[in-house]
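Here is the structure we will look at, set down as structure tokens.
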Amino acid sequence: MISIGEEISDLVKEFGGSMSGEHGDGIVRGVWTEKMFGPEIYQAFRDLKSTFDPQGIMNPGKIIDCPPMRENLRYGSEYRADSLIPTLDFSIDTDYAGAVEMCNGMGACRKLTGTMCPSFMATRDEEHSTRGRANLLRAALSGKLPEGTITDQRLYQAMDLCLECKACKSECESGVDMAKLKYEFLDNYYKTNKRPFRNKFFAQIARYSRMGSRFAPLANLGASTPVGKFFSSVILGVHPNRQLPKLATTTFSQWFNYRHTSRVRGTPKGSVALFNDTFMNYNYPEIGIAAVELLEAAGYRVQLAEAECCGRPMISKGMLEDAASFARYNVDRLYAFADQGVPIIGCEPSCLLTFRDEYPEFCRDGRAAKVAEHSYLIDEFLAMLHERGELDLEFTDLRKKVLFHGHCHEKSLVGTSPSMAALNLPPGYEVELINSGCCGMAGSFGFEKEHYDISMSIGEQALFPTIRERGTEWEVAVMGVSCRQQVEHGTGRPARHLVEVLRDAIA
């Protein structure tokens, strides 16, 4: 780098150019300031600096009197960093330590717009920025912090407020994926520290929902009683202001299997496999019903992809071996659809996008890659058909004003354009995208006692005020279950899935 700098500075000087970059001279190019301007002007720079800053305390070592390029390096020749043995694939960054070192310290995560980083926006504390967490991980891995810090409670506290929104994956200019780093950190942390029952409960939410659904009315009644709330608060650590989502008396799979015939209009255009996620099946079957009616109205036969839980709750709690096992099982079940070219459609972004983001890294084979390639969010699928001129949906003249809030994983991996395109299909709909970041719920995060206040603070930054300001004539549409729960809790306004809102306008 030094030899390149010397040769380039010779060329720049020869042709009357400037070594300054978009951020000025600073430390990196400041070492060439005297060469570029000559000793007399350089001394004038020094005199001006010393006149206004005689003690040399205001941003020293920048532009003039800079340290040599070999000094003040973030990664010097002596730098070494141990790495965790990961479950996910970090080979694109060499290894786990390499992924941590992708953070170059520029601090774009300290912005107060967009989605990255929701906890920093709420606390304004460097420790809770993506950069702050990356610096702490790097210091722990490189030995700058005491041995054992990587599994220390204090580092856990710094990582704890990462909502795993994945916004840094797309909004950080270096592509630092702090959510992925946190998954592996938690997996490693709980090999040394005891895993709380709450983590196991939320990670296995599909299992407990299946058990509870058999006695749904009784389970719902019990959860709403003082005894039930006491259990939720003391045993699960759920904040007393939160109410766990109710279980449906009839699951979506039961509704689907009770149907006698498909209601596709005319000759079917093909088949789709609808992924029956945990929350759609046990808590919000109305989402699945709306999705089926919408897809059939578009001319597609709907098959039910009865796989296991996507594994996202396990991933979020650092139970990566369990999640990998579920991933392999689901790939075995879903590959048959993908191999036949049948699109795999999902309604819950955090679930469906796990197929595309984590499954190829868990399984690392062509089958998982093919499942990922054939997996679509339902709004993506509808928008894609519309763009190709292949979407044949008849809409009524129903008029609605719709506010749409996008899910964080959707924003990071897909964007909100497909959702907006789908919601704008009915001619009578007026749709507005809420300019907000994360809703603050993030799965179980917002349910947990110690996270409740920051969860609500994140919601109050833009999401809640926008909904309140627009008034009840605007219907709120979402994609994520967490977003739905947070909107209803924080504003008292009902929120419905995009497919439910779209289904209203089907002729």
Side-chain angles (χ1 to χ4, degrees), residues 118-119 122 128 156-157 159-167 178-180 182-183 185-187 189-190 193-213 219-220 223 228-247 277-284 309-320 322-323 326 348-351 353-354 358 407-410 438-459 463 478-490 495:
S119 51
H128 300 136
Y156 172 86
Q157 291 171 0
M159 298 296 291
D160 186 43
L161 290 192
C162 169
L163 276 72
E164 304 168 14
C165 66
K166 297 193 180 186
M178 186 52 62
K180 184 178 177 183
K182 182 183 176 182
Y183 305 150
F185 166 80
L186 289 176
D187 190 61
Y189 177 83
Y190 285 121
N193 297 275
K194 184 179 179 181
R195 190 182 299 275
F197 173 72
R198 180 177 71 183
N199 286 28
K200 297 176 185 177
F201 176 84
F202 283 123
Q204 298 281 359
I205 193 65
R207 175 188 175 191
Y208 289 108
S209 295
R210 181 166 55 248
M211 292 166 56
S213 69
N220 292 333
K229 285 185 172 292
F230 176 81
F231 173 82
S232 293
S233 178
V234 175
I235 306 299
L236 297 180
V238 172
H239 195 279
N241 288 352
R242 294 285 192 188
Q243 178 68 52
L244 291 173
K246 290 184 177 182
L247 294 164
D277 68 78
T278 297
F279 306 104
M280 185 168 78
N281 193 36
Y282 296 113
N283 304 110
Y284 301 99
C309 169
C310 66
R312 169 62 54 198
M314 300 171 195
I315 295 170
S316 70
K317 296 302 182 186
M319 296 171 64
L320 297 186
D322 291 337
F326 274 62
E348 175 59 38
S350 61
C351 297
L353 294 176
T354 303
E358 281 85 10
H407 186 282
C408 288
H409 290 188
E410 173 192 19
C438 179
C439 73
M441 194 62 160
S444 66
F445 181 90
F447 281 102
E448 296 163 357
K449 281 182 181 178
E450 68 274 25
H451 299 144
Y452 178 77
D453 289 340
I454 194 168
S455 168
M456 297 302 288
S457 175
I458 292 169
L463 178 61
V478 296
M479 282 288 287
V481 166
S482 293
C483 308
R484 181 183 197 139
Q485 294 165 346
Q486 181 77 324
V487 167
E488 293 178 349
H489 180 74

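Hydrogens, waters and symmetry mates play no part in the numbers below; they use all other heavy atoms, side chains included.
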Would you please name every residue forming a side chain to side chain contact (heavy atoms under 4.5 Å, CB included) with D322, sequence neighbours left out?
-> M314, M319
Tell me, which pairs form a salt bridge (charged side-chain N to carboxylate O under 4.0 Å, His left out) where one or both residues lie in residues 200-211, sequence neighbours left out?
-> none
Would you call P245 and F447 a side-chain contact if the rule is heavy atoms closer than 4.5 Å?
-> yes
Shortest non-hydrogen contact from H407 to G480?
-> CD2-CA, 3.6 Å
Taking the side chain as C-beta and beyond, is there a heavy-atom pair between Y189 and M159 under 4.5 Å?
-> no
Report yes or no: do Y190 and N199 form a side-chain donor-acceptor pair below 3.5 Å?
-> yes
Partners meeting side chain to side chain contact (heavy atoms under 4.5 Å, CB included) with A495 (sequence neighbours left out) = V476, V478, R484, V487, E488
Could you pull out every donor-acceptor pair under 3.5 Å between side chains of residues 232-242 and any protein atom, sequence neighbours left out?
| unit_1 | atom_1 | unit_2 | atom_2 | d |
| --- | --- | --- | --- | --- |
| S232 | OG | G228 | O | 3.2 |
| S233 | OG | K449 | NZ | 3.1 |
| H239 | ND1 | N241 | N | 3.0 |
| N241 | ND2 | Y452 | OH | 3.4 |
| R242 | NE | G446 | O | 2.8 |
| R242 | NH1 | Q486 | OE1 | 3.1 |
| R242 | NH2 | G446 | O | 3.3 |
| R242 | NH2 | S455 | OG | 3.1 |
| R242 | NH2 | Q486 | OE1 | 2.9 |

Can you see which heavy atom on T278 is nearest to which on S209, and at what distance?
-> CG2-OG, 4.4 Å
Minimal heavy-atom distance between R195 and G318, with the atoms involved, is NH2-O, 3.7 Å
Identify the heavy atoms of R312 and S350 that sit nearest to each other, and give their distance.
-> NE-O, 3.4 Å
Do you know the tightest heavy-atom contact between L163 and C438?
-> CD2-SG, 3.7 Å
Would you say K229 has more than 12 foreign heavy atoms packed within less than 6.0 Å of its NZ?
-> yes
For C162, side chain to side chain contact (heavy atoms under 4.5 Å, CB included) partners two or more places apart = R133, E164, M178, K182
Flag the pair Y282 / I205 as yes when at least one side-chain heavy-atom distance between them is below 4.5 Å, and no otherwise.
-> no
Any residue meeting side chain to side chain contact (heavy atoms under 4.5 Å, CB included) with S482, in chain and number order, not counting sequence neighbours = M441
